[in-house]
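Take a look at the structure set out below.
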Amino acid sequence: MCGIAGILCPSIDLREEKPLIERISNTLKLRGPDGKGEYITQSTALIHRRLAVVDVEKGAQPMRFGKYIIVYNGELYNTDEVRSELKHFGYSFDTECDTEVVLKAYHKWKNESVKRLNGIFAYAVYDEEENSLFLTRDRIGVKPVYYSQTGDMLAFASRISSLLCIPRIKHVVDENGLNEIFMLGPAKTVGSGIFKNIKELPPAFSLTYKDGKISTRCYWRLEAAEHSETEAQAIEHTRFLVEDSIKRQLVSDVPLAAFLSGGLDSSIISAVAGKEFKAQGKILNTYSVDYIDNDKYFKKSLFQPNKDSDYIGLISDYIGTRHHNIILDNAKVAEALSSAAIARGTPAFADIDSSLLLFCREVKKDFTVCLSGECADEIFGGYPWYHRREILFEDCFPWSRSTGIRHSILKDGLLPHGDEYARNAYLSTVNATSALDSDSPLEKRMREMFMLNFNYFMQTLLERKDVMSMEASLEVRVPFCDYRLVEYAYNMPWSIKALEGREKGILRKAFENSLPYEIAWRKKSPYPKTHNPVYFSYVKRLAAEAINDKTCPIGEMLNKKAIFELMDNPNGMTEPWYGQLMQTPQVLAYIYQIYIWTKIFNVEFDI
């Protein structure tokens, strides 16, 4: 994995902008600590930082072939197939890395080449003769890329903070940006960069830039289709796709491990990977995360019915992995909130982010690549809101069914169109959902729920995974995000997907003979949060600091009385801020992260 950036601008001599280019490169250093490279002409600069994973000795970037120069961030999982096809057309290869395959695929098939790739990526190809740029992103959105067009300049980067280094890009957030933060956050609308002049290139989109004009197109989308397989065939098909995806993602020339929570998804990945390792005479290393004294303060809930620690030893012993349990200090989790927000370049995901950042830093001490189980819940119906009809058919985001708690922490009238903004975000996804005329009301709603989770909940988790892991210089791969698996799951009838009336029933059935019964049929439990009051005490102080700082405009936007009431009554939230992942401690942490983000990036508000 890597960090990429670029500037195209005819009115600036970029050969004279070495300090700026160096600043941008430095913002990407942790994404690519193993090497750096630049391509600079009078009007064009391409910047690359490399985290070497495959063909460590070669594969330096920017890479050239003919008139094309590429900067690439990602991993291609069908490298051998695409390389073989290109060889059939007469292409030869000097490296084993996927960058060369992607570049020569572009040379052969131009903009259509991205459709042939199975992987996680964001990359740009510059045409030296045409002075044009092609920028694209993987189908699911695992790898990020942002861009800004200001006057005659186009800039793009893996990180928002890289773009904010450029003087022409103002650090302005308007009402739409604040609605993203306060009405949808930590999720955001696909395509939003929060800042007024920064956009995210959406998943499965390509951008072309020539003569000062941008055009974008969607090259892939989820389309409804008939499911013709029997239940038994669906079980076998699901197993094949999951196993194939995991095996493809084990390719690495550097040490590889897996995250193992004791839940279904990570256990499946670890079991398949562990078997492959054993066949090669190796032992798979696995990692889990917990917090000091978390057992002491854990309380069961609908969303978190049991502790991971009760199951990790069972599955690790069953597979035969060398397991490492990382125990995080609660105070350090709170202290890392600022680092997490700075890494994102936007308000972040409270301790859901900061704990992952600390966890990844520990894993990085011994490994460079890990596999993780994100996104099985979104595509196989793992969350409670898929199964509770009183929530399922509510005409709103299921994880944030009301904006009441969000408005309550704001000054009266601050975001008068906030409800409408959130409503339109919801409707834009629902109305664009592909369905069949033959779909029952339940099947149609399940498609809508799939897309709501895909566009919002899943993208939030993927951004978190990418940013926090790459901030630790750790590459994390997500096998359940293979687009073939996503397409297949989208068209699977709910009666099969929820076999035996269980969340992710098809997935459980497909792997029940590969896992202990207690793991295969364990009730879903989310990423572990700290329940220690030490953390709550810490974030209370941080939130108080944020709202009392008269030098920061955020304090003037917030309802201090309501926030202090939250501090005094942590169980007083009667509605979720963001599903199971954000309760009172996380809301206070989020307020602090908004404050830190505003100060660090000198954010100006245009409202």
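All values below come from the heavy atoms of this structure, side chains included, with hydrogens, waters and symmetry mates left out.
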Subject >> From Y383, W385, W399, residue fulfilling side chain to side chain donor-acceptor pair (under 3.5 Å) relative to N453 >> reply: W385

**OP:** May I ask you to check whether S270 and T286 show a side-chain donor-acceptor distance below 3.5 Å?
**Re:** no

**OP:** To the nearest 0.5 Å, tell me how far S354 OG sits from L328 CG.
**Re:** 8.5 Å

**OP:** Taking the side chain as every heavy atom from C-beta outward, state whether Y291 and I326 have any atom pair closer than 4.5 Å.
**Re:** no

Subject >> Atom pair OG (S158) and CG (N73), whose distance is rounded to the nearest 0.5 Å >> reply: 4.5 Å

Original post:
Thinking salt bridges, do R477 and E374 make one under a 4.0 Å N-O criterion?
Top reply: no

Original post:
Are F349 and T460 side-chain neighbours, meaning at least one heavy-atom pair lies under 4.5 Å?
Top reply: yes

Subject >> Residue of the set Y146, W597, Y147 for which ring-ring contact (aromatic ring centres under 6.0 Å, His included) holds with F195 >> reply: W597

**OP:** Look at the rings of F450 and F454 and say which category their plane angle falls in: under 30° parallel, 30 to 60° tilted, over 60° perpendicular.
**Re:** parallel

**OP:** Supply the atom-to-atom distance K561 NZ to I563 CD1, rounded to the nearest 0.5 angstrom.
**Re:** 13.0 Å

Subject >> Pairwise side-chain contact, N559 with S408, heavy-atom cut-off 4.5 Å (strictly under) >> reply: no

Subject >> From CZ (R508) to CD1 (I519), nearest 0.5 Å >> reply: 10.5 Å

**OP:** Answer yes if the side chains of E180 and T189 hold a donor-acceptor pair under 3.5 Å, and no otherwise.
**Re:** yes

Original post:
Is the NZ or CZ atom of R406 positioned over W577's six-membered ring, under 6.0 angstrom from the centre and within 45° of the axis?
Top reply: yes

**OP:** State which residue, out of I120, V486, L462, fulfils the side chain to side chain contact (heavy atoms under 4.5 Å, CB included) condition with C481.
**Re:** L462

Original post:
Is the closest side-chain heavy-atom distance between I292 and D329 below 4.5 Å?
Top reply: yes

Subject >> Rounded distance [0.5 Å steps], CD in E394 versus CG in L392 >> reply: 10.0 Å

Original post:
Any side-chain donor paired with an acceptor under 3.5 Å for T346 and K188?
Top reply: no

Original post:
Pick from K364, R159, K29: which one makes a salt bridge (Lys or Arg N to Asp or Glu O under 4.0 Å) with E471?
Top reply: R159

Original post:
Thinking salt bridges, do K465 and D353 make one under a 4.0 Å N-O criterion?
Top reply: no

Subject >> Donor-acceptor side-chain pairing of E335 and Y538 below 3.5 angstrom >> reply: yes

**OP:** Could you tell me whether the side chain of F259 reaches within less than 4.5 Å of the side chain of L371, counting heavy atoms only?
**Re:** no

Original post:
Side chains of T530 and N532: do they bring a donor and an acceptor to under 3.5 Å?
Top reply: no

Original post:
Do V603 and V172 have side chains that get closer than 4.5 Å, going by heavy atoms?
Top reply: no

